[in-house]
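We're numbering straight along the sequence, starting at 1. Hydrogens, waters and symmetry mates play no part in the numbers below; they use all other heavy atoms, side chains included.
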Amino acid sequence: REDPRRLYTTGTGHTERELPNLAEGTDYLAVQRIATKPLRRESGWFGRDYGESLTDIDLPVIAHEVGQWAAYPDYEVIKKFPVTSYMRPFNFEIFRDSLKAHGLLKKNRSFAYQSGRFQLAAYKEEIEANLRTPGLSGFQLLDLHDYLGQGTALVGLLDAFWDPKSYVTAEEFKKFSNATVPLARFRQRVFTTADTLDVDVELAHFGAEPIEKALVVWKIGTRLKGEWEPRTIPIGKNFPLGKITVDLFKILGPAELKLVVTVAPESLFNPVTRTIVEGEKAVRGVTYFENDWNFWVYPASDPAQSTPAVEGGPCLPARDPDVLVTTSWDEAE
């Protein structure tokens, strides 16, 4: 620490479960947990965050290698490795040959796409949980592309050659991993028509400047929409934008729906439709930020009989006598 131009940390990565004085003698922390309290994975998902993990920590904290969510490989990548290369994709060849031996090689693209969409959803939940956490300063990934440094680590949204995979675009990834990200605290994704959608919306904004006269518009499908008064959004996180409350009896279930939240200077919106005027964006050189979340609504034939699947979890329709809904493995078995 003799060089004052730099900030120093005691290390990055895994920490011991019992490590006293973790925050002493360091400028910041880059860890995957503090004691036994995680800074990544599912405990912060679905509208929650990792705030409890930062109790009594007054330093900047970066979550280390969030996610590491793997996707099934598309074996077409084998063709990208030159025959004369010092690296050979023997791992991919072993997996491919095993798949072929089981008569499933024709499903390779489907496996890659479906597992990839799940990987994308998991990264979205985890990065948004990081951005929702007060006091958490950011995150680092193991890699944005499939990591070759430890054998097989298919954790990338890009392949080993930094090319996009088939199941995600840069624009989709930037919705939740960007300088500015709208966030919604969705505590569940499955509802019945007897429920009320109740979602707090906030913003993490680390752009170069505050957003002046920012308008926030939300919509669900084509019929449900709203907005909040324009305001200046400062640089920082956990900036509250508003609450969305919708009685779901208005929805004709079953239905898959999407909440879309858009944040931009008011001048970018069409004053009548409240949609972004693309031409204005191009002329002014100003951009907008948008994020979205899928959720599902099912009919509740008798709302009085609807019961939570788990404490604090989604309500399920009244039980069919031939269908068992349980969270107990003993009961299910």
Side-chain angles (χ1 to χ4, degrees), residues 44-49 117 120-134 136 168-191 195-207 209-248 250-251 255-278 280-281 286-297:
W45 293 15
F46 298 111
R48 303 187 297 271
D49 57 49
R117 293 301 295 180
L120 179 67
Y123 273 120
K124 177 176 166 65
E125 282 290 339
E126 191 143 340
I127 290 174
E128 289 183 357
N130 185 287
L131 295 175
R132 285 193 301 264
T133 303
L136 193 52
V168 61
T169 64
E171 290 304 314
E172 190 172 13
F173 186 73
K174 285 165 62 177
K175 288 181 179 181
F176 59 87
S177 182
N178 206 339
T180 303
V181 179
L183 300 162
R185 290 188 179 259
F186 256 98
R187 289 173 174 78
Q188 64 193 72
R189 294 297 185 90
V190 180
F191 301 84
D195 297 327
T196 298
L197 178 70
D198 190 3
V199 176
D200 292 305
V201 180
E202 61 189 73
L203 192 73
H205 173 57
F206 293 98
E209 299 175 347
I211 305 176
E212 302 289 341
K213 296 182 179 178
L215 180 65
V216 183
V217 174
W218 64 268
K219 65 178 181 179
I220 300 173
T222 58
R223 295 188 299 113
L224 300 173
K225 60 184 67 176
E227 63 183 64
W228 294 294
E229 288 293 323
R231 83 290 298 274
T232 296
I233 295 178
I235 295 173
K237 64 192 303 189
N238 302 115
F239 186 82
L241 298 176
K243 180 186 287 288
I244 297 171
T245 303
V246 176
D247 290 325
L248 295 178
K250 301 176 182 178
I251 304 297
E256 179 183 2
L257 300 168
K258 180 180 291 186
L259 169 64
V260 181
V261 176
T262 307
V263 179
E266 187 177 17
S267 60
L268 294 191
F269 286 91
N270 181 302
V272 177
T273 64
R274 285 317 206 199
T275 57
I276 294 292
V277 181
E278 292 291 338
E280 282 289 298
K281 182 186 74 167
V286 178
T287 191
Y288 66 95
F289 302 94
E290 191 168 271
N291 203 356
D292 55 62
W293 301 266
N294 293 333
F295 64 100
W296 291 261
V297 179

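Separation of atoms CG (L203) and CG (N291) is listed at 10.0 Å; rounding is to 0.5 Å. Annotation: the span from F295 atom CZ to E256 atom CD amounts to 10.0 Å, rounded to 0.5 Å. Note that CD of E125 is 4.5 Å distant from CZ of F46, once rounded to the nearest 0.5 Å. Between the CD atom of E128 and the CZ atom of F186 there is a distance of 10.5 Å, given to the nearest 0.5 Å. Here the CH2 atom belonging to W45 is positioned 6.0 Å from the CD atom belonging to E126, to the nearest 0.5 angstrom. Separation of atoms CD1 (I235) and CD (E209) is listed at 7.5 Å; rounding is to 0.5 Å.
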Criterion side chain to side chain contact (heavy atoms under 4.5 Å, CB included) on L241 and F239, from CA distance to verdict: CA-CA 6 Å; L241 298 176; F239 186 82; 3.9 Å; yes
From CA spacing to verdict: side chain to side chain contact (heavy atoms under 4.5 Å, CB included), D198, K243: CA-CA 7 Å; D198 190 3; K243 180 186 287 288; 3.2 Å; yes
Residue pair R274, T262: steps toward the side chain to side chain contact (heavy atoms under 4.5 Å, CB included) verdict: CA-CA 10 Å; R274 285 317 206 199; T262 307; over 6 Å; no
Test log, rule side chain to side chain contact (heavy atoms under 4.5 Å, CB included), inputs Y288 and I211: CA-CA 10 Å; Y288 66 95; I211 305 176; over 6 Å; no
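Side-chain contact check for V217 versus K225: every heavy-atom pair is 4.5 Å or farther apart.
Of all heavy-atom pairs spanning F289 and T180, the tightest one is CD2-O, 3.3 Å. Between W218 and E227 the shortest heavy-atom distance is NE1-N, 3.9 Å. Heavy atoms only, all atoms of each residue included: N238 and P134 are closest at OD1-CA, 3.2 Å. The minimum heavy-atom distance between A129 and G44, with the atom names listed, is CB-O, 3.1 Å. Closest approach of T232 to P210, counting heavy atoms only: CG2-CB, 4.1 Å. Among all heavy-atom pairs drawn from L136 and K237, the shortest one is O-NZ, 2.6 Å.
The pair R132-E202 does not meet the salt-bridge criterion, since no charged nitrogen lies less than 4.0 angstrom from a carboxylate oxygen. Salt-bridge check for R117 with E172: passed, with a basic side-chain N closer than 4.0 Å to an acidic carboxylate O.
Residue K219 places its NZ atom among 12 or fewer non-hydrogen atoms of other residues, nucleotides or ligands, all under 6.0 Å distant.
R231 places a side-chain N or O within 3.5 Å of a backbone atom of E229 that can act as its donor or acceptor partner.
Remark: of the listed residues L197, L259, I244, V246, V246 is the sole one forming a side chain to side chain contact (heavy atoms under 4.5 Å, CB included) with L224.
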